[in-house]
*Asks:* 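Quick one: the structure is below, and I'll ask about it shortly.
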Amino acid sequence: MSNPVSPMFLPLCLLSSLLLLGGCQASASKPATTTPPSPATVAATETTDATARGEYLIRVAGCNDCHTAGYAERQGEVPTTQWLTGSPLGYHGPWGTTYASNLRLRMQEMTEAQWLAYSGNLRTRPIMPDFTLRAMSEADRRAIYQFVRSLGPAGEAAPAYLPPGQTPPAPYFSLVLPEAQAQGAPGARPAGDAPARN
């Protein structure tokens with residue numbers, strides 16, 4: 001048994017299809033009505049993104065380990081408001097005694113361009129791993145600057161560097177390098193001798 005198709009069915013299908021196609025073409029040909037963001041909005045977003053990136057870099061690069069008093073002892077549970085204010089803990093060794101500086105105050109003294117030049121060429125005394133800072137991209141060093149500047153100034157300047165031969169006041173770590181084993185001492189091999197093989 002066949003179903004007869006109504007004579008009105010085909011024209012209605014054709015009309016519906018044409019209306020759908022016409023609606024799609026009309027909306028596709030209309031220009032977009034979204035307004036591009038203003039330069040101020042773009043700049044604010046980029047600054048926010050860079051500041052967040054700077055906070056992340058400070059956290060994972062270990063800057064707080066030395067530049068924030070008590071950070072390592074508290075396993076990083078130090079409020080951001082206390083970050084990077086320096087430390088009275090000295091690092092004493094053959095180079096003298098160094099202290100982790102108050103980066104919050106230091107960054108207030110520098111423009112971004114000065115910081116980029118300084119951090120890209122930094123060579124300092126132990127225990128600062130200056131090579132890691134030099135290895136960072138300019139964008140990462142800029143993000144660090146923007147984050148530290150966003151925190152604002154706080155705290156006091158760290159103690160001044162002490163030259164070799166001066167004993168620092170407590171607290172300090174004494175980093176003593178092992179002396180080279182003297183030739184002829186028990187267990188020492190003469191130069192050029194290879195260890196015995198079994």
Side-chain angles (χ1 to χ4, degrees), residues 31-162 168 170-175 177:
T33 57
T34 57
T35 306
S38 71
T41 302
V42 171
T45 302
E46 288 173 356
T47 299
T48 301
D49 291 347
T51 302
R53 174 86 179 145
E55 179 177 356
Y56 169 77
L57 290 167
I58 290 289
R59 190 182 298 272
V60 300
C63 304
N64 282 312
D65 294 350
C66 296
H67 291 275
T68 301
Y71 190 85
E73 296 88 339
R74 292 165 59 187
Q75 297 185 8
E77 295 299 321
V78 176
T80 310
T81 56
Q82 296 173 20
W83 283 16
L84 309 173
T85 55
S87 176
L89 178 64
Y91 296 93
H92 180 68
W95 61 87
T97 305
T98 51
Y99 296 88
S101 63
N102 181 330
L103 297 178
R104 303 266 293 269
L105 296 179
R106 184 77 174 111
M107 295 290 193
Q108 298 303 314
E109 301 169 353
M110 298 176 142
T111 65
E112 186 174 283
Q114 289 171 326
W115 162 253
L116 291 174
Y118 172 78
S119 60
N121 297 294
L122 182 63
R123 305 244 185 235
T124 189
R125 298 177 189 95
I127 68 169
M128 173 63 191
D130 51 21
F131 50 89
T132 60
L133 193 57
R134 289 192 312 270
M136 287 184 183
S137 70
E138 184 175 298
D140 283 348
R141 290 183 289 113
R142 179 176 284 114
I144 287 172
Y145 176 84
Q146 290 179 11
F147 171 67
V148 177
R149 284 288 294 232
S150 78
L151 294 174
E156 298 176 11
Y161 161 75
L162 295 174
Y172 67 91
F173 276 122
S174 187
L175 305 168
L177 300 177

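In this text, all values refer to a predicted model and were calculated from it rather than measured experimentally.
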*Asks:* Could you pull out the closest heavy-atom pair between L122 and D130, with the gap in Å?
*Replies:*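 Nearest pair, atom of L122 first, then D130: O-CB, 3.5 Å.
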*Asks:* Can you see whether F147 has R53 sitting over its ring - NZ or CZ less than 6.0 Å from the centre and within 45° of the normal?
*Replies:*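 Verdict for F147: no cation-pi partner in R53.
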*Asks:* Looking at CE of M107 and CD of Q146, how far apart are the two atoms once the value is rounded to the nearest 0.5 Å?
*Replies:*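 Result: 11.0 Å between the selected atoms.
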*Asks:* Please assess M128 against T98 for the test side-chain contact (heavy atoms from CB on, under 4.5 Å), listing each intermediate value before the final yes or no.
*Replies:* CA-CA 9 Å; M128 173 63 191; T98 51; over 6 Å; no
*Asks:* Mind checking the OG1-CZ spacing from T51 to R149? Nearest 0.5 Å is all I need.
*Replies:*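 The CZ atom of R149 is 11.5 Å from OG1 of T51, to the nearest 0.5 Å.
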*Asks:* Nearest heavy-atom pair of A50 and A143: which atoms, and what distance?
*Replies:*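 Nearest pair, atom of A50 first, then A143: O-CB, 3.2 Å.
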*Asks:* Nearest 0.5 Å, what's the OH-CD1 distance between Y91 and I127?
*Replies:*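 That separation rounds to 4.0 Å.
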*Asks:* For the CZ atom of F173 and the CG atom of L89, what is their distance to the nearest 0.5 Å?
*Replies:*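 The CG atom of L89 is 5.5 Å from CZ of F173, to the nearest 0.5 Å.
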*Asks:* Between Q82 (side chain) and P79 (backbone), is there a donor-acceptor pair under 3.5 Å?
*Replies:*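 Side chain of Q82 to backbone of P79: no pair is present.
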*Asks:* Checking the side chain of T97 only, and the main-chain atoms of P168 only, is there a donor and an acceptor separated by less than 3.5 Å?
*Replies:*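 Absent.
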*Asks:* Please give me the minimum heavy-atom distance between P126 and W95, naming the atom from each residue.
*Replies:*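 Closest approach of P126 to W95: O-NE1, 3.5 Å.
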*Asks:* From I144 CD1 over to Y56 OH, what is the distance, rounded to the nearest 0.5 angstrom?
*Replies:*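 Answer for the CD1-OH pair, I144 versus Y56, is 11.5 Å.
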*Asks:* Quick check against the 3.5 Å criterion: does R104 have a side-chain atom that pairs as donor or acceptor with the backbone of W83?
*Replies:*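 Indeed, once roles are kept as given, a pair shorter than 3.5 Å links the two residues.
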*Asks:* Rounded at 0.5 Å granularity, tell me how far CG in L103 sits from SG in C63.
*Replies:*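 So the gap between those two atoms works out to 7.5 Å.
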*Asks:* As a quick check of understanding, evaluate side-chain contact (heavy atoms from CB on, under 4.5 Å) for R134 and R123, giving each step before the final call.
*Replies:* CA-CA 9 Å; R134 289 192 312 270; R123 305 244 185 235; 2.6 Å; yes
*Asks:* Answer yes or no: is there a side-chain heavy-atom contact under 4.5 Å between N64 and V78?
*Replies:*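 A side-chain contact is absent here, since even the closest heavy-atom pair is not under 4.5 Å.
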*Asks:* Taking A154's backbone N and O only, do any of them form a donor-acceptor pair with N102's side chain (distance below 3.5 Å, no angle check)?
*Replies:*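 Yes; at least one donor-acceptor contact below 3.5 Å.
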*Asks:* Is the shortest side-chain N to carboxylate O distance from E109 to R106 below 4.0 Å?
*Replies:*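 Salt bridge flag = yes for R106 with E109.
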*Asks:* How close do A100 and C66 get, heavy atom to heavy atom, and via which atoms?
*Replies:*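 Heavy atoms only, the tightest pair is CB-O, 3.2 Å.
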*Asks:* Please confirm whether the backbone N or O of S101 pairs with a side-chain atom of H67, one donor and one acceptor, at under 3.5 Å?
*Replies:*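 Indeed, once roles are kept as given, a pair shorter than 3.5 Å links the two residues.
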*Asks:* Look at the side chain of Y145 and the backbone N and O of M110, then say whether any donor-acceptor pair between them is shorter than 3.5 Å.
*Replies:*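 At least one qualifying donor-acceptor pair exists.
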*Asks:* Determine whether the side chains of S119 and R141 contain a donor N or O and an acceptor N or O closer than 3.5 Å.
*Replies:*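 Side-chain D/A pair, S119 to R141: present.
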*Asks:* Under the side-chain contact (heavy atoms from CB on, under 4.5 Å) criterion, do W115 and V148 qualify, and how do the steps go?
*Replies:* CA-CA 11 Å; W115 162 253; V148 177; over 6 Å; no
*Asks:* What are the two closest non-hydrogen atoms of A158 and Y99, and how far apart are they?
*Replies:*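 In terms of heavy atoms, the two residues are closest at CB-CB, 4.2 Å.
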*Asks:* Please test T81 against L151 for side-chain contact (heavy atoms from CB on, under 4.5 Å), starting from the C-alpha separation and ending with a verdict.
*Replies:* CA-CA 7 Å; T81 56; L151 294 174; over 6 Å; no
*Asks:* Under the 3.5 angstrom rule, does the side chain of S137 hit a backbone N or O of D140 as a donor-acceptor pair?
*Replies:*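 Pair found, side chain donor or acceptor close to backbone of D140.
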